[in-house]
Q: 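Below: one structure in structure tokens.
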Amino acid sequence: MPYRTHTCGELGSRHEGASVILSGWVHKQRNLGGLIFVDLRDRYGLTQIVFNPDVTDNYAVAESLKYEYVIKVEGLVGLRNESAINTELATGEIEIIAKSVEILSTAKPLPFEIFDAHKEEEDEDLRLKYRFLELRRERLKNNILFRAKMIQYIRQYMEERNFVDISTPILTVSSPEGARDFLVPSRIHPGKFYALPQAPQQYKQLLMVAGFDRYYQIAPCMRDEDPRADRSPGEFYQLDVETSFLEPDEFFHLMEPLFIELTEQVAGKKVMTKPFPRLPYRYVMDTYGVDRPDLRYDVKITDITDWAKTTDFKIFQEATALRVIVVPGGAEFTRQEIDHEFTLLAQKNQAKGLAWLKYSNAFEGTIAKFFKPEALSALQEKLSIEPNSILFFVADEPFVASKALGAVRILAAEKLHLADPNLIAWAWIVDFPMYEFNDVEQKIDFGHNPFSMPQGGLVALNEKNPLDILAYQYDIIANGLELSSGAVRNKDPKIMYRAFEIAGYTRDDVQKKFGHMIDAFEYGAPPHCGFAPGIDRLLMLLLGEKNIRSVIPFPKNQRAEEPMMGSPSVVDARQLKDLHIDILE
RNA sequence: GGACCGGUAGUUCAACUGGUUAGAGCACUGCCCUGUCACGGCAGAAGUUGCGGGUUCGAGCCCCGUCCGGUCCGCCA
């Protein structure tokens with residue numbers, strides 16, 4: 001006898017009278033005394049079972065059922081009476097009139113209920129410890145199913161475009177740049193360590209040298225860094241992509257439809273702007289104060305330093321720069337919110353203060369009296385302010401003003417719900433600076449990826465101020481999330497040596513750390529570029545989840561532990577001895 | 001490494017300005033109920049208020065320390 005002839009999600013009125021067998025979990029039960037209803041659940045759905053002492057051979061077993069028992073039910077598909085139809089349920093037109101029931105597995109009382117529609121979330125550590133139970137819940141289950149569907153869609157997209165799926169090593173070598181490595185001790189080589197890959201960056205470039213031309217991989221990446229709400233602790237997956245013989249423009253054209261299709265067809269949401277805008281890094285930093293702005297709402301930072309000079313308000317007049325954002329609908333913010341939330345936030349971002357004016361029919365606010373009517377009407381003309389708006393001003397260094405207003409912009413949008421949850425505003429951020437100044441160490445560092453090609457090549461490196469050199473480096477962003485950075489790679493040994501030299505590395509350093517890469521580039525390296533969007537972040541974006549752990553089947557907690565399996569764990573002395581490791585203390 | 005918020009029954013939350021025996025929903029146990037679908041009704045069990053110390057006539061509440069969790073900063077080429 002089979003365990004089931006159908007799943008719990010597929011039976012309907014067309015099956016009336018059929019003899020069926022279903023297996024699944026007892027999701028809900030309603031014992032009316034002499035008649036028992038059970039909602040039987042599997043991953044496909046819910047089906048109502050009716051146990052009736054006149055029909056069910058072993059009714060006593062039905063009476064003993066508890067939540068989350070696994071049972072097998074044999075019975076007939078019956079049409080429900082008109083009044084008993086449940087329109088909320090896919091199988092709500094029918095029910096199974098049970099002839100017999102068998103308990104396949106019992107269940108202890110649960111640490112939390114699976115049916116959670118009306119409850120708040122339990123402590124996350126508890127949910128992680130019983131993740132196998134939380135995965136039975138509708139929302140998490142659907143997220144994991146969506147994850148599989150999205151990955152399948154991506155693979156199909158890539159395969160159709162001649163990309164080759166290639167696995168790169170998990171046990172690899174420690175890289176001196178970037179994040180902290182997870183290390184794996186070697187038994188055969190005392191005192192030596194493998195490192196888990198932070199990303200298959202170097203391998204994918206070597207694959208381009210090998211001639212594979214279009215590579216992709218759903219690649220596991222491991223980094224020993226502290227987590228965030230949008231950053232998975234320890235490990236995460238990237239859609240790792242690299243292509244040869246494509247200009248950045250061609251690369252964007254090749255990949256952009258994937259994100260449009262994922263948005264529209266897989267997630268059922270709307271794309272804000274097609275084709276995706278390409279915004280230079282300097283522009284977005286000035287205009288939005290961050291390098292991954294949420295573009296769903298049209299609130300921009302405007303520089304009004306020229307206007308400030310014409311006023312009599314000293315703080316504005318004497319400022320290096322004055323910048324402003326106009327938030328439509330912001331006139332409703334209270335003094336409490338302005339003083340204790342917005343101002344504090346601006347100060348946390350290094351601004352000395354935050355000035356504000358409300359505008360309805362006229363300008364209002366504590367600083368309004370400092371301005372002549374002509375100055376205010378000039379401001380209105382410049383900014384075309386709609387009634388019921390609030391203006392936030394920061395007078396400071398230009399960069400500080402934009403950064404502080406960028407944070408204020410995000411908070412204001414959250415409070416006013418300016419961002420449409422069904423809209424995804426994709427954009428490419430381009431022209432990242434090749435280098436940036438490290439204030440702490442007082443030296444020039446690579447801005448992002450040291451393997452990026454500088455714009456202008458060797459000439460730019462030799463002749464321009466390093467801080468003015470741009471890289472062929474781009475990010476893809478959406479709704480305030482950075483999905484990926486990417487770049488045209490530097491494949492010219494001469495340019496590499498020079499690029500590293502500017503960041504303070506000697507020829508010897510480069511030879512030691514990246515000698516194998518340079519060596520490879522000396523045997524025929526095609527021009528190549530790529531990127532690596534985070535799978536988990538992509539899911540957060542498409543599902544509208546705020547926490548990255550709700551799109552990962554078995555995530556780690558903030559201390560990088562997995563409470564269910566108990567990792568990381570102590571190991572046997574014997575294992576340590578094999579690995580030539582002594583634990584200090 | 002740092003900042004902020006939190007920790008009360010299995011679980012989600014209450015408990016007034018420090019005041020008698022720490023309450024409620026769901027879950028759990030027992031009984032009743034033949035058309036429920038968040039079934040209903042009656043009864044019951046369930047607590048070292050994270051832990052340690054202090055202030056007080058009296059602490060879930062105030063203070064100090066500590067542990068744990070979440071969010072953020074640092075960090076994440």
Q: If you define the side chain from C-beta out and look only at heavy atoms, does anything of L126(A) sit under 4.5 Å from F112(A)?
A: yes
Q: Please state whether the phosphate of C39(B), meaning OP1 or OP2, lies under 4.0 angstrom from any side-chain nitrogen or oxygen of K28(A).
A: yes
Q: Is the shortest side-chain N to carboxylate O distance from E225(A) to R223(A) below 4.0 Å?
A: no
Q: Is the closest side-chain heavy-atom distance between L279(A) and V430(A) below 4.5 Å?
A: no
Q: Between R30(A) and U36(B), does any side-chain N or O lie under 4.0 Å from OP1 or OP2?
A: no
Q: Between the side-chain atoms of D39(A) and the base atoms of C37(B), is any donor-acceptor pair under 3.5 Å?
A: no
Q: Looking for any heavy atom pair under 4.0 Å, which part of the strands does Q201(A) touch: base, sugar-phosphate only, or nothing?
A: base
Q: What is the distance, to the nearest angstrom, from the CZ atom on R537(A) to the C1' atom on C76(B)?
A: 9 Å
Q: Separation of N31(A) atom CG from G41(B) atom P, in whole Å?
A: 15 Å
Q: From the set U36(B), G69(B), G10(B), return the single nucleotide nearest to any side-chain atom of D123(A).
A: G69(B)
Q: In whole angstroms, how far is the P atom of C67(B) from the CG atom of D125(A)?
A: 16 Å
Q: In terms of the nearest nucleotide of RNA chain B, which residue is placed more toward the 5' end: K66(A) or Q29(A)?
A: K66(A)
Q: Name the nucleic acid region contacted by E95(A), choosing base, sugar-phosphate or nothing; use a 4.0 angstrom heavy-atom cut-off, strictly under.
A: base
Q: With rounding to the closest Å, how many angstrom separate the P atoms on U55(B) and C64(B)?
A: 15 Å
Q: To the nearest Å, how far apart are K546(A) NZ and C72(B) C1'?
A: 16 Å
Q: With a 3.5 Å cut-off and no angle check, do the side chains of Y215(A) and Q217(A) form a donor-acceptor pair?
A: yes
Q: Would you say F37(A) stacks on U36(B), if stacking means ring centres under 5.5 Å apart and planes within less than 30 degrees?
A: yes
Q: If only atom types and distance count, is the side chain of S484(A) paired as donor or acceptor with the main-chain N or O of A532(A) below 3.5 Å?
A: yes
Q: If I pick the C1' atom on C13(B) and the same atom on U17(B), what distance separates them, to the nearest angstrom?
A: 22 Å
Q: For the pair made of CD in E124(A) and C1' in G6(B), what is the distance, rounded to whole Å?
A: 14 Å
Q: Output the single nucleotide from C75(B), C26(B), C39(B) whose closest atom is nearest the side chain of R231(A).
A: C75(B)
Q: Distance check, P atoms only: G52(B) and C16(B), in whole angstrom units.
A: 23 Å
Q: Would you mind telling me which residue lines up with the more 5' stretch of RNA chain B, V50(A) or F112(A), judged by nearest nucleotide?
A: F112(A)
Q: If you measure from the C1' atom in G6(B) to the same atom in G50(B), how many Å do you get, rounded?
A: 12 Å
Q: Applying a 4.0 Å non-hydrogen cut-off, can you work out what L126(A) is touching in the nucleic acid: base, sugar-phosphate, or nothing?
A: sugar-phosphate
Q: Whom does A38(B) pair with, Watson-Crick or G-U wobble, provided both distances fall under 3.5 Å?
A: none
Q: When the C1' atoms of G54(B) and G70(B) are considered, how many whole Å apart are they?
A: 29 Å
Q: From the options G10(B), U36(B), U71(B), select the nucleotide whose nearest atom is closest to the side chain of R549(A).
A: U71(B)
Q: Nearest whole Å is fine: how far is C76(B) C1' from E225(A) CD?
A: 5 Å
Q: For a quick test of reading the model: is some side-chain N or O of R127(A) closer than 4.0 Å to OP1 or OP2 of U12(B)?
A: no
Q: Do R223(A) and C75(B) share a donor-acceptor pair, side chain to base, under 3.5 Å?
A: no
Q: Can you tell me the base-pairing partner of G1(B)? Count Watson-Crick or G-U wobble geometry only, both distances below 3.5 Å, and say none if there is no partner.
A: C73(B)
Q: Counting only side-chain nitrogens and oxygens, does R559(A) get under 4.0 Å of the OP1 or OP2 atom of C68(B)?
A: yes
Q: Name the nucleic acid region contacted by D226(A), choosing base, sugar-phosphate or nothing; use a 4.0 angstrom heavy-atom cut-off, strictly under.
A: base
Q: Send over the distance from F115(A) CZ to U12(B) P, rounded to a whole Å.
A: 17 Å
Q: For U71(B), does either OP1 or OP2 sit under 4.0 Å from a side-chain N or O belonging to N547(A)?
A: yes
Q: Using the test side-chain hydrogen bond (donor to acceptor under 3.5 Å, both in side chains), find all partners of D492(A) that sit at least two apart in sequence or belong to another chain.
A: none
Q: Taking atom C1' in both G40(B) and U34(B), compute the distance separating them and give it to the nearest angstrom.
A: 13 Å
Q: Where the side chain of D475(A) meets the backbone of I477(A), is there a donor-acceptor pair that is under 3.5 Å apart?
A: no
Q: Is the NZ or CZ atom of R131(A) both under 6.0 Å from the centre of the six-membered ring of F554(A) and within 45° of that ring's axis?
A: no
Q: When the P atoms of C62(B) and G25(B) are compared, how many Å lie between them, rounded to an integer?
A: 27 Å
Q: Name the pairing partner of G6(B), where a pair is Watson-Crick or G-U wobble with both distances under 3.5 Å, or state none.
A: C68(B)
Q: Just to be sure I understand the rule, does Y67(A) reach a base, reach only the sugar-phosphate, or reach nothing, if contact means heavy atoms closer than 4.0 Å?
A: sugar-phosphate
Q: Roughly how far apart, to the nearest Å, are C61(B) and G65(B) at atom P?
A: 16 Å
Q: Taking atom P of G70(B) as reference, at what distance in whole Å does atom CG of N557(A) sit?
A: 5 Å
